[in-house]
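Worksheet: one structure, shown below.
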Amino acid sequence: MADYDLILEGGTVATASDTFDADVGIRGGRIAALGTKLGSAARTIDARGMLVLPGGVDAHCHIEQESSTLLMTADDYYSGSVSAAFGGTTTFVPFAAQHKGQSLRDVVRVAHERAGPKSVIDYAFHLIVSDPSEQVMGQELPALIMDGYTSFKVYMTYEKLKIDDAQMLDVLTLAREYGAMTMVHAENNDVINWISERLLSRGYTAPKYHAISHNPIAESEASRRAIDLARLIDAPLLIVHVSTPEAAASILEARNRGLKVYGETCPQYLFLTADDLDKEGMEGAKFCCSPPPRDKAAQEAIWLGLKNGTFQVFSSDHAPYRFDETGKLNAGPNPTFKKIANGVPGLEVRLPLLFSEGVGTGRLTLNEFVALTSTNAAKLYGLHPRKGTIAVGADADIAVWDPTWKRTITHSLLHDNVDYTPYEGREVTGWPRLVLSRGRVLVEGETLHAERGSGKFLDRVPVPPKDPAATLNTPLDPAANFGARLL
Ligand code: DUC
Ligand code: ZN
Ligand code: ZN
């Protein structure tokens, strides 16, 4: 019998901290050895000239999920996970989304029913909490966190999803007590609505007004407020899909003060601008997402944030809607900017875009790239060290990158179920040639080997604060918990 099931031979391994030449021995789905002359293997793959990186962890994507207006995404767990795999992502964390009035337990059950038979990559779920009712806050959410659903997203905008500041404080308090991570969509709903109404009443309806209505101040104000609410509770907070220099600066300032504040950004804020929404006719609808792409100066600030510790996580926020009546144009062929389905696809191109424009140009080191696209998300969401690194004992989730592979991104190259890509025609250098999930070959060249439903759900454990005396009670006891800070 061979020593290993598979050896990747002669490649350069990179983790979030180190880069070194080593063969990787894989046994039983895990990394069993790193070194040279490892022994025999049932299969050996020549990785000379290749970069052997941890598979990507995409911690923000919308898969087989109904939007707040009950519009279903174009990707289900099969097409979504296949698309992820072809782009070098081996774990994703889509959302189990609650709509007002729904039981969170039901929402989680449905997410499992959707993902289990279809996903080809391993997955976990973030919850979306839109209705923090007594039942949800008193029973369902604490129980779900303890069951391992240790992260959830809340919204400060979107009429049907948003929670108010008092609800946010309740949610943060509960997250702190039970050891969960709160993710927040930070945009000021009233600011957006106020501008939108003025635009619409003057007949300004084209897609480009989406970007104008989502003014950067709506994002920076809400981001500051969310940080302050988290500061009051001393709860961890991750601000998702950050697009503006000001919001980025607030996150960095909070981090420098030692707050447990984290930031995420996405490809659309590095590679698209508001000008893309101003394309001919309804074409601009393809680029409508919230927050919207900004300007060149904002792109530069977001690049800087990837480098200077503002952002820990680079996710796709893949929100796939086709450019037809099932998606972007579900409200008719000529909708106002308010009625265009929000979101852009990006699951498959997330890593190649950042690799090419980040590592390829020298803006990011290879190790920073690995940290931003894989390791940090695995750590923040309780998946590390099983996921997000190349180390003995870790799952053998590996993307073997050809750093010289030049490709032109075009819709027909991609495997999602969307009928366009916002990055059409963009040339990139570097793409994975081989993708492994728990040692199984998922993708080799342009061929998919994975079986439907072969991805596994990933258990996580909550991490409550170490000092139980510091744990907040509900309702809050100001004398015990807040005295020092409130005075
Ligand atoms: N914005 C979100 O908040 N979610 C999905 C898509 C989008 O554009
Ligand atoms: Zn969002
Ligand atoms: Zn999103």
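Whatever order the structure lists ligands and atoms in, that order sets their numbers, starting from 1.
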Next item on the list: Go through ligand 1 atom by atom and flag the ones less than 4.0 Å from a non-hydrogen atom of Ala319.
Entry: 5 (C), 6 (C)

Next item on the list: Report yes or no: is the cationic atom of Lys286 (NZ for Lys, CZ for Arg) closer than 6.0 Å to the six-membered ring centre of Phe323, at no more than 45° off its axis?
Entry: yes

Notebook entry, point to check: Would you call Asp234 and Lys260 a salt bridge, taking side-chain N to carboxylate O under 4.0 Å as the test?
Noted result: yes

Check: With respect to the Zn ion (ligand 2), what is the nearest N, O or S atom of His185?
Finding: ND1

Notebook entry, point to check: Does the shortest distance from the Zn ion (ligand 3) to an N/O/S atom of Cys61 fall below 2.8 Å?
Noted result: no

Next item on the list: Please confirm whether Lys456 makes a cation-pi placement over Tyr123, using NZ or CZ under 6.0 Å from the six-membered ring centre and within 45° of the ring normal.
Entry: no

Checklist line | Among the N, O or S atoms of His241, the one nearest the Zn ion (ligand 2) | finding: NE2

Next item on the list: Work out the angle at the Zn ion (ligand 3) between NE2 of His60 and OD1 of Asp317, rounded to 10°.
Entry: 80°

Next item on the list: Taking only heavy atoms of His241 into account, list the atoms of ligand 1 that are under 4.0 Å away from them.
Entry: 3 (O)

Item checked: Residue part near ligand 1, for Cys289, under 4.0 Å between non-hydrogen atoms -> both

Item checked: Pi-cation contact, Phe287 with Lys279 (under 6.0 Å, within 45°) -> yes

Check: Tell me, which protein residue and heavy-atom name are nearest atom 1 (N) of ligand 1, and how many Å apart are they?
Finding: Ser290 O, 2.9 Å

Notebook entry, point to check: Side chain, backbone, both or neither: which part of Lys153 comes within less than 4.0 Å of ligand 1 when only heavy atoms are counted?
Noted result: side chain

Margin query: Out of Tyr158, Tyr321, Phe95, who is nearest to atom 2 (C) of ligand 1 when you count heavy atoms only?
Written below: Tyr158

Next item on the list: May I ask you to check if Arg114 and Tyr77 form a cation-pi contact, with NZ or CZ under 6.0 angstrom from the six-membered ring centre and within 45° of the axis?
Entry: no

Notebook entry, point to check: Counting backbone and side-chain atoms alike, does Val240 have an N/O/S atom under 2.8 Å from the Zn ion (ligand 2)?
Noted result: no

Next item on the list: Measure the shortest side-chain to side-chain distance between Arg350 and Thr89 over non-hydrogen atoms and say whether it is less than 4.5 angstrom.
Entry: yes

Check: Under the side chain to side chain donor-acceptor pair (under 3.5 Å) criterion, do Ser243 and Glu219 qualify, and how do the steps go?
Finding: CA-CA 8 Å; Ser243 73; Glu219 183 180 337; 2.4 Å; yes

Note to self: Before we go on, tell me: are the rings of Trp401 and Phe369 under 6.0 Å apart, centre to centre?
What the structure shows: yes

Notebook entry, point to check: Taking only heavy atoms of His62, which atoms of ligand 1 are found under 4.0 Å from at least one of them?
Noted result: 4 (N), 5 (C)

